[in-house]
Participant: 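Dropping a structure here in structure tokens format, bear with me for questions.
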Amino acid sequence: MTDPLLIAKTSDAALTELMLLPAMANRHGLIAGATGTGKTVSLQVLAEHFSSIGVPVFMADIKGDLTGISQSGKANVRVEERTKLLKLPFMPTACPVTLWDVFGEQGHPVRATISEMGPLLLSRVFNLNDTQTGVLMLVFKIADDQGLLLLDLKDLRSLLSWVGENASQFTTDYGNISSASIGAIQRGLLTLEQQGGDKFFGEPALILDDLIQTVNLNGRQAGIVNILAADRLLTSPRLYSTFLLWLMSELFEQLPEVGDAEKPKLVFFFDEAHLLFNEAPKELLEKIEQVIRLVRSKGVGVYFVTQNPLDIPDTVLGQLGNRIQHALRAYTPRDQKAVTAAATTFRANPGLDVEKVITELSVGEALVSFLDDKGRPSVVERAYICPPQSQIGSITADERKQLLSTSIVAGQYEKTIDRESAFEELKARRGDTSSSAPTLDASANSAGGLSSVFSKIGGVFNSNSGSNANTGGAGRSRESVMDAAVKSAARAMASEAGRRIIRGVLGSIFGGRR
């Protein structure tokens, strides 16, 4: 049985300890509060504790100040005051950290293939309407039937052009494909590429197992804290939210059921959570709710971090059992509504006027309620969050360089692979003078293009693009880049009578596994 985690102590003279039970940590949670009230420090404290019990963590670093968790903390006036107030020892501790960056500048590159992202999530990034989304889904279906691998943006762009040029040939089997819809999707592609999407889509694709790692630290297993540099990514909010949604859905789809475990397998922090739900259609919101509810059984805890609890839909908010509510301001009618909403979601404390207290909390002080061993919310308490034992704030360029060079995935993702896929095959077809029409040969039509897919996978074995990754002293055997490419292709293969690619769209529940 894993020991409870001390997160806060009550603000009264009793200094009652408020503990988060690891067995209840996958019941999800919420950290909310106005800017400057201490949300980031609360997130850091939770991440430290999870790492200390061997639970890996994934979190996005919006402001660039979470990387300090990789360094031992240093005493300062505020930390000393808080440790003295709460009668706690200060034991400077660093967590093992892996840095990630979609743009490959501040961390190891993070990539996914176009096929893994799927048409529905891409339609959200492109801001397509229903008709355009339908056309994009048809284009993906054509790629499946033709055995065309969609790995990066040029693959999708080439496929869209080819389908547009030959739209009349597809009408009977797939329905009408309008040039206007193709044009809208192409414009979305161009916008995404200008925002850095060309760096995100490609190979080697991220292997989820690399996010769920532990290392031996002073004789104990510590969970790796995965930090995604999101300062630039946040300038493309749709790409940011869609990427994190894709990551959650992939975790749901790939991880096995574990039921009720003594601690989570992974804890996922979603900062700036309102971006996930902004302008999301009702159908997508319903599926997000389902994923959040069901991913618990995979051992994944999801914690939303946001300024206002009203940013989270009620159906999702009701599933967040562990809560840390920092101060809210009540200057506007919406702010006042948020205060009331936050107050009413806690289990009442007869000795605490929650609605009044929310506006009076000081920095680092919060209203806290965790689930007990029966899964029931505890009575809300006014409390001080314990200070982190790691460094508060960002790290230096030299410290970042050191982390990257000693990472357990050093060398695994840095080199881009550009193997034969839809772009190359369609280019060859256009050069075939015998016919430019989209002719389906018998084997491709009957097997959903599996023969073509297997030939592409086989081509990987004839290349020298892979090499074993540097383990960074972790002592575990790493998959080569070649293996990563094969896995990526395998994930893109058909599952409906050998024809339909498994899309990474909210796991298997968006359309049901067929």
Side-chain angles (χ1 to χ4, degrees), residues 31-36 39-40 43-44 58-69 97-114 116-118 120-128 132 152-154 156-157 184-202 205-206 211 226-250 268-281 284 288 303-308 311-312 393-397 400 404 413-414 416 504:
I31 303 173
T35 300
K39 296 191 302 296
T40 300
L43 188 163
Q44 185 169 337
F58 182 93
M59 56 189 182
D61 191 2
I62 301 297
K63 301 185 290 293
D65 54 2
L66 286 173
T67 51
I69 198 172
V97 166
T98 299
L99 301 176
W100 302 92
D101 184 3
V102 167
F103 302 99
E105 297 171 354
Q106 301 181 66
H108 302 292
V110 181
R111 300 185 189 89
T113 66
I114 291 289
E116 287 176 321
M117 184 65 71
L120 288 171
L121 283 182
L122 282 174
S123 70
R124 172 173 165 80
V125 178
F126 298 158
N127 197 23
L128 303 181
Q132 294 159 354
D152 52 28
L153 291 185
K154 71 179 186 299
L156 182 55
R157 181 184 295 108
I185 300 169
Q186 291 279 33
R187 289 192 295 273
L189 266 177
L190 178 61
T191 301
L192 180 60
E193 186 172 20
Q194 292 173 339
Q195 294 177 349
D198 57 324
K199 297 182 181 297
F200 173 60
F201 291 104
L206 177 66
L211 301 180
N226 300 277
I227 301 177
L228 175 72
D231 48 348
R232 280 189 60 191
L233 190 59
L234 200 62
T235 62
S236 308
R238 281 186 176 271
L239 180 58
Y240 168 72
S241 61
T242 304
F243 163 67
L244 293 184
L245 181 57
W246 164 79
L247 188 56
M248 279 199 299
S249 69
E250 286 291 294
F268 188 101
F269 288 96
F270 202 130
D271 204 356
E272 298 294 336
H274 65 280
L275 296 176
L276 176 61
F277 305 103
N278 277 357
E279 302 177 12
L284 181 58
I288 293 172
Y303 287 68
F304 294 97
V305 185
T306 190
Q307 292 188 20
N308 193 326
D311 296 335
I312 312 294
S394 60
I395 58 177
T396 66
R400 183 181 295 275
L404 290 173
Y413 295 100
E414 276 66 22
T416 304

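Bear in mind the structure is a predicted one, so any value in this text is a computation, not a measurement.
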Participant: Kindly write out the residues that satisfy side chain to side chain donor-acceptor pair (under 3.5 Å) with Asn226, not counting sequence neighbours, or none if the list is empty.
Facilitator: Trp100
Participant: Backbone N or O of Leu66 within a donor-acceptor pair of the Asp61 side chain at under 3.5 Å?
Facilitator: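 A pair under 3.5 Å: yes.
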Participant: Enter the distance from Ile69:CD1 to Gln44:CD here, rounded to the nearest 0.5 Å.
Facilitator: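 Those atoms lie 5.0 Å apart.
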Participant: Checking Glu414 now: which residues fulfil side chain to side chain contact (heavy atoms under 4.5 Å, CB included) with it, not counting sequence neighbours?
Facilitator: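 Listed in chain order: His108, Pro109.
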Participant: I want to know whether Phe58 and Phe269 have ring centres closer than 6.0 Å.
Facilitator: no
Participant: Can you name the side chain to side chain contact (heavy atoms under 4.5 Å, CB included) partners of Lys39, sequence neighbours left out?
Facilitator: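 In terms of side chain to side chain contact (heavy atoms under 4.5 Å, CB included), with neighbours along the sequence ignored, Lys39 is linked to Ile31, Thr37, Val305, Gln307, His326.
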Participant: Going by the rule side chain to side chain contact (heavy atoms under 4.5 Å, CB included), which residues pair with Gln194 if we only count those two or more places apart in sequence or in a different chain?
Facilitator: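 Gln194: side chain to side chain contact (heavy atoms under 4.5 Å, CB included) contacts with Leu190.
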Participant: Under the rule for ring pair (Phe, Tyr, Trp, His ring centres under 6.0 Å), what residues qualify as partners of Phe201, not counting sequence neighbours?
Facilitator: none
Participant: Taking side chain to side chain donor-acceptor pair (under 3.5 Å) as the test, write out the residues that go with Asp311, two or more places apart.
Facilitator: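 With sequence neighbours excluded, Asp311 shows a side chain to side chain donor-acceptor pair (under 3.5 Å) to Thr306, given in chain and number order.
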Participant: Restricting to non-hydrogen atoms, name the atom on Phe304 and the atom on Ala273 that form the minimum distance, rounded to 0.1 Å.
Facilitator: CD2-CB, 3.6 Å
Participant: Under the rule for salt bridge (charged side-chain N to carboxylate O under 4.0 Å, His left out), what residues qualify as partners of Lys199, not counting sequence neighbours?
Facilitator: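 Testing Lys199 for salt bridge (charged side-chain N to carboxylate O under 4.0 Å, His left out), a comparison that skips the adjacent residues, returns none.
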Participant: According to salt bridge (charged side-chain N to carboxylate O under 4.0 Å, His left out), who are the partners of Arg400, at least two apart in sequence or on a separate chain?
Facilitator: none
Participant: State, to 0.1 Å, how close Thr242 and Leu121 come at their nearest heavy-atom pair, and which atoms those are.
Facilitator: CG2-O, 3.6 Å
Participant: Sequence neighbours excluded, which residues qualify as salt bridge (charged side-chain N to carboxylate O under 4.0 Å, His left out) partners of Arg187?
Facilitator: none
Participant: Grab the two heavy atoms, one from Tyr240 and one from Leu234, that are nearest each other, plus how far apart they are.
Facilitator: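 Nearest pair, atom of Tyr240 first, then Leu234: CD2-CD1, 3.8 Å.
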Participant: For Asp152, give me all partners under salt bridge (charged side-chain N to carboxylate O under 4.0 Å, His left out), at least two apart in sequence or on another chain.
Facilitator: Lys154
Participant: Quick one: are Leu228 and Leu99 in side-chain contact, heavy atoms under 4.5 Å?
Facilitator: no
Participant: Can you find a heavy atom in the side chain of Phe268 that is under 4.5 Å from one in the side chain of Leu244?
Facilitator: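 In short, these two side chains touch, coming nearer than 4.5 Å.
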Participant: Once side chain to side chain donor-acceptor pair (under 3.5 Å) is applied, do any residues pair with Gln106, and if so which ones, sequence neighbours excluded?
Facilitator: Asp231
Participant: Among all residues two or more places apart in sequence or in another chain, which pass the side chain to side chain donor-acceptor pair (under 3.5 Å) test with Ser241?
Facilitator: Arg124
Participant: Give a yes or no on whether the backbone of Tyr413 and the side-chain of Arg111 come within a donor-acceptor separation of less than 3.5 Å.
Facilitator: yes
Participant: If you round to the nearest 0.5 Å, how far is CZ of Phe126 from CD1 of Ile185?
Facilitator: 8.0 Å
